[in-house]
Structures are given as structure tokens and as C-alpha cells.
Amino acid sequence: QVQLVESGGGLVQAGGSLRLSCAASGHTFSLYAMGWFRQTPGKERDFVAHISRSGGSIYYADSVKGRFSISRDNAKNTVYLQMNSLKPEDTAVYYCAASGGIWPTSRTSYLYWGQGTQVTVSS
């Protein structure tokens, strides 16, 4: 089992940048592909980005392509989400997750979830 803790959320103006971090416990972090999802009140948790175990395969939601960048440092048991050119519609609670499946964009593929970190983008 793995525990995930997100950090780095906050309040930024539209057009600004923010970097989220997700720290994982244990010594098996490199065995899991990792993903970022986001959720607003009353809505489903939506896919944002995914990175494979080695970092060689990356997927992004169309809504964030060209603006967000996912990366990982297996030596530090950490996955990152660099968010640039932020828009008000990016406002959400952002969650990192560890994948136990082979479908990178489906939340049902992910076994473990963090508690989330709030990102608010003002206009």
C-alpha cells in the first residue's frame, strides 16, 4: 500500500503558474504509473495528466495540453504537476493517484489517492 500527500496549491491570478507536488511513502513508488485528477463541487473527478513508471509515456487532458507538465523523480518518490497559463476554469481540488491498471485516463485504473490540494485561479 502507498500513501500520497499533495502540496503546492494556492491562489493565483489568471495567467500565473503553480507547481504541485505529490509525495509517496514506501519503497515501491517506481512500480506505479501516476496520475493527476481534479474535481469541483458537484462534479466528477476528471483526468488531468498521467506519467508512466519510467516517465517515458505521458498523457494530458485536452483542456491542459500545452499548459501543464507532469514529471516524476523516482529517487524522491515524488510526482509533480507544473501548471502554467492558468485559467479560472482550472480552479479545482487536485488529486494525485497511483495506478494499478493500464488505462491512463480512467480514474478506475488508480488504486491509491491523496487527500487533494486546492487550486484557485482568480480572473
Side-chain angles (χ1 to χ4, degrees):
Q1 191 170 3
V2 61
Q3 286 76 46
L4 305 172
V5 180
E6 303 95 336
S7 63
L11 174 64
V12 297
Q13 293 184 347
S17 297
L18 207 60
R19 188 195 193 201
L20 305 183
S21 298
C22 175
S25 66
H27 303 284
T28 60
F29 176 72
S30 63
L31 298 179
Y32 296 92
M34 299 293 295
W36 286 95
F37 289 74
R38 63 188 182 185
Q39 186 172 26
T40 56
K43 296 184 178 181
E44 294 185 348
R45 192 168 298 184
D46 292 328
F47 170 76
V48 175
H50 168 97
I51 187 167
S52 64
R53 290 179 292 178
S54 66
S57 296
I58 292 175
Y59 299 88
Y60 295 104
D62 289 341
S63 59
V64 306
K65 283 182 179 178
R67 300 188 298 118
F68 290 11
S69 179
I70 188 172
S71 62
R72 68 189 296 163
D73 187 338
N74 287 347
K76 296 182 178 180
N77 287 356
T78 303
V79 62
Y80 306 94
L81 185 68
Q82 178 67 47
M83 304 184 295
N84 300 322
S85 302
L86 283 163
K87 305 175 181 179
E89 51 262 45
D90 295 319
T91 296
V93 176
Y94 283 71
Y95 299 87
C96 68
S99 176
I102 61 173
W103 307 108
T105 64
S106 175
R107 65 181 183 272
T108 62
S109 295
Y110 295 82
L111 296 176
Y112 307 107
W113 296 82
Q115 293 297 116
T117 185
Q118 177 70 48
V119 172
T120 302
V121 184
S122 62
S123 60

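Excluded from the calculations below are hydrogen atoms, water molecules and symmetry mates; all remaining heavy atoms, backbone and side chain alike, are included. Note that the coordinates shown come from a computational prediction; the quantities given were computed from them, not determined experimentally.
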Drop me the distance from Ser99's OG to Ile51's CD1, to the nearest 0.5 angstrom.
12.5 Å
Is there a chain of hydrophobic side chains (I, L, V, M, F, W, Y, each step under 4.5 Å between heavy atoms) that links Val2 to Ile70?
yes
Taking it one step at a time, do Tyr32 and Tyr112 satisfy side chain to side chain contact (heavy atoms under 4.5 Å, CB included)?
CA-CA 10 Å; Tyr32 296 92; Tyr112 307 107; 3.7 Å; yes
Joint cluster assignment, Val79 & Leu31, ILVMFWY side-chain distance < 4.5 Å:
yes
From Glu44 atom CD to Arg38 atom CZ, the distance as rounded to the nearest 0.5 Å:
14.0 Å
Tell me if the CD atom of Gln3 is crowded by more than 12 foreign heavy atoms within 6.0 Å.
yes
Kindly check if the number of other-residue, nucleotide or ligand heavy atoms within 6.0 Å of CZ (Arg45) is above 12?
yes
Within a strict 4.5 Å, meaning less than it, do heavy atoms of the Thr120 and Val12 side chains meet?
no
Ala33 versus His50, closest heavy-atom pair with distance
CB-CE1, 3.4 Å
Assess whether atom OH of Tyr59 is packed by more than 12 heavy atoms of other residues, nucleotides or ligands within 6.0 Å.
no
Over all heavy atoms of both residues, which pair between Ala92 and Gln118 is shortest? Give the atoms and the distance, please.
O-NE2, 3.4 Å
Does Arg72 count as lying over the ring of Phe29, i.e. NZ or CZ under 6.0 Å from the six-ring centre, within 45 degrees of the axis?
yes
Ignoring hydrogens and angles, state whether a donor on the side chain of Thr78 or Asp73 is under 3.5 Å from an acceptor on the partner side chain.
no
Give the minimum heavy-atom separation between Tyr95 and Gly114, together with the two atoms involved.
CD2-O, 3.5 Å
Kindly determine whether Val119 and Leu18 satisfy side chain to side chain contact (heavy atoms under 4.5 Å, CB included), including the steps that lead there.
CA-CA 9 Å; Val119 172; Leu18 207 60; 4.0 Å; yes
Does the Ser57 side chain pair with the main chain of Ser52, one donor and one acceptor, at a distance under 3.5 Å?
no
Taking all non-hydrogen atoms of both residues, which atom of Leu81 and which atom of Ala49 are closest, and how far apart?
CD1-CB, 4.2 Å
With clusters defined by side-chain heavy atoms of hydrophobic residues (ILVMFWY) lying less than 4.5 Å apart, directly or transitively, does Tyr110 cluster with Trp103?
no
Apply the test side chain to side chain contact (heavy atoms under 4.5 Å, CB included) to residues Arg67 and Ser85: give CA-CA distance (whole Å), side-chain angles for both, the deciding distance (0.1 Å), then the verdict.
CA-CA 6 Å; Arg67 300 188 298 118; Ser85 302; 4.0 Å; yes
Distance (rounded to the nearest 0.5 Å) between Trp36 CH2 and Met83 CE:
8.0 Å
Please determine whether salt bridge (charged side-chain N to carboxylate O under 4.0 Å, His left out) holds for the pair Lys87 and Asp90, giving the CA-CA distance in whole Å, both sets of side-chain angles, and the decisive distance to 0.1 Å.
CA-CA 5 Å; Lys87 305 175 181 179; Asp90 295 319; over 6 Å; no
If you round to the nearest 0.5 Å, how far is CG of Asn74 from CE of Met34?
9.5 Å
Which value, rounded to the nearest 0.5 Å, describes the distance between Gln115 atom CD and Cys22 atom SG?
11.0 Å
Is the side chain of Thr117 donor-acceptor paired with the backbone N or O of Gly9 at a distance under 3.5 Å, no angle test?
yes
From Ser123 OG over to Leu86 CG, what is the distance, rounded to the nearest 0.5 angstrom?
13.0 Å
Cluster check Val64, Phe47: I/L/V/M/F/W/Y, side chain < 4.5 angstrom
no
Residues Val48 and Phe68: closest non-hydrogen pair is CG1-CD2, 3.8 Å
Would a distance-only check, ignoring hydrogens and angles, find a side-chain to backbone donor-acceptor pair under 3.5 Å from Glu6 to Cys96?
yes
With ILVMFWY side chains joined below 4.5 Å, transitively, what does Tyr80's cluster contain besides itself?
none
Would you please indicate if the ring centroids of Phe37 and Trp113 are separated by under 6.0 Å?
yes
Which pair of non-hydrogen atoms, one from Thr108 and one from Ser106, has the smallest distance, and what is that distance?
OG1-OG, 2.7 Å
